[in-house]
Visitor: 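The structure that follows is given in the form of structure tokens.
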There are 2 protein chains.
Amino acid sequence: MNIGSASDKSGLPAKTIRYYEDIGLLKPDRADNGYRDYSMSDVHKLRFLQRSRGLGFSVEECRQLLALYEDKSRASADVKSIAQSKLQEIERKIIELRELQHTLKHLVAHCHGDKRPDCPILESISGTAGSS
Amino acid sequence: MNIGSASDKSGLPAKTIRYYEDIGLLKPDRADNGYRDYSMSDVHKLRFLQRSRGLGFSVEECRQLLALYEDKSRASADVKSIAQSKLQEIERKIIELRELQHTLKHLVAHCHGDKRPDCPILESISGTAGSS
DNA sequence: CTTGACCTTCCAGTTACTGGAAAGATTACC
DNA sequence: GGTAATCTTTCCAGTAACTGGAAGGTCAAG
């Protein structure tokens, strides 16, 4: 499929998709007319990149994650340890998101109009009292 | 406290803290010697920024979230609607992280050495079969 | 066969930092 | 008090990850 369809299906702008090719994250086929030709597997990778970038992983981290995904054949120890450290990071991100969620919910529910400058939510939002 | 301590407590490099001041996210006091002087409230904001940036929110989104946090006095409708849309985004991020977590766990548990190029995990990693 | 939507490359601009130089301030030690 | 190490300041340049726009080739519809 052309880059436009790949863009629609992955949620990434065509510009970004070309950029990801430039930096070697992806190598789509080329049609005879010179157009890039994306397979479903390419689209899966793009969608994966779209998600993990949006979740705060750097491009280099995404490259590693993508390598995990692609190199499942020569997997074992090396790959496993990367995956495991990423799993810890994901765990941490989930916890932080839950805390942020909790805080915002409180803001919406309890703080509208309440003017106290020492609102206890101020502490929880930054995770200092984060022993939930 | 000086920028070094604020850096230690927030987890942000001093460089980044100064940058956040440049773009108007923060206005610490200045000591007589010209050094920036951070309050605990500043540190809370920095820590908050550190987290939300790491979770994939843009600086502009962080600015909004910070405004929620600071403008709790003139809150109401406007603030609430921003908070609510951020809450939806957070919900989505949590779900995506759980899916990514699930996929990586499978990779670690089941895919080491397994060479099939059509491993079903390939689909789930990109969220296409994400009806879990 | 032209119009419009798509694709190509290339180059410049933006966002969000990050590194390093040059110089002033503070602390720590003799 | 001296002075060396370790802050801190500003400024300017560089990097990462896009993003916009120009100039031009391709394609499907009428």
Visitor: Going 5' to 3' on DNA chain D, which nucleotide is the first and which the last to come under 4.0 Å of a heavy atom in chain A?
Guide: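 Contacts span dA17(D) to dC27(D), reading 5' to 3'.
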Visitor: Return whichever of Glu60(A) or Arg30(B) has its heavy-atom-nearest nucleotide of DNA chain D closer to the 5' end.
Guide: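 The residue mapped nearer the 5' terminus is Arg30(B).
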Visitor: Start with the C-alpha gap between Tyr20(B) and Arg63(B), add the side-chain angles, then the distance that decides, and say whether side chain to side chain contact (heavy atoms under 4.5 Å, CB included) holds.
Guide: CA-CA 10 Å; Tyr20(B) 285 165; Arg63(B) 199 190 295 275; over 6 Å; no
Visitor: Would you say a side-chain N or O of Arg36(A) is under 4.0 Å from OP1 or OP2 of dT8(C)?
Guide: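 Looking at the OP1 and OP2 atoms of dT8(C), one of them is under 4.0 Å from a side-chain N or O of Arg36(A).
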Visitor: Inspect the contact between Lys27(B) and Glu21(B) and indicate whether a charged nitrogen and a carboxylate oxygen are less than 4.0 angstrom apart.
Guide: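 The answer is no: the pair does not qualify as a salt bridge.
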Visitor: May I ask you to say whether Glu99(B) pairs ionically with Arg47(A), meaning some side-chain N is under 4.0 Å from a carboxylate O?
Guide: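 No.
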Visitor: Between Asn33(B) and dT26(C), does any side-chain N or O lie under 4.0 Å from OP1 or OP2?
Guide: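 True: Asn33(B) side-chain N/O within range (under 4.0 Å) of dT26(C) OP1/OP2.
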Visitor: Rounded to whole Å, how long is the line connecting atom CD of Gln50(B) with atom P of dT18(C)?
Guide: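 Rounded to the whole Å, the gap is 11 Å.
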Visitor: Determine whether Asp42(A) and Ser39(A) satisfy the following criterion, side chain to side chain donor-acceptor pair (under 3.5 Å), listing intermediate values before the conclusion.
Guide: CA-CA 5 Å; Asp42(A) 289 328; Ser39(A) 66; 3.2 Å; yes
Visitor: Should the pair Glu96(A)-Lys93(A) be classified as a salt bridge under the 4.0 Å nitrogen-to-oxygen rule?
Guide: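 Looking at Glu96(A) and Lys93(A), the cut-off is not met.
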Visitor: Which of residues 2-24 of chain A have a heavy atom under 4.0 Å from DNA chain C?
Guide: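 Heavy-atom contacts with DNA chain C come from Asn2(A), Ile3(A), Gly4(A), Lys15(A), Arg18(A).
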Visitor: Donor-acceptor pair, Gln88(B) side chain versus Ser85(B) backbone, under 3.5 Å?
Guide: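 Side chain of Gln88(B) to backbone of Ser85(B), a donor-acceptor pair under 3.5 Å: no, none is there.
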Visitor: For Leu12(B), is there any backbone N or O sitting under 3.5 Å from a side-chain donor or acceptor partner on Ser7(B)?
Guide: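 Pair found, side chain donor or acceptor close to backbone of Leu12(B).
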Visitor: Map Tyr35(B) and Tyr38(A) onto DNA chain C by nearest heavy atom, then report which one ends up closer to the 5' terminus.
Guide: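 Closest to the 5' end, via its nearest nucleotide, is Tyr38(A).
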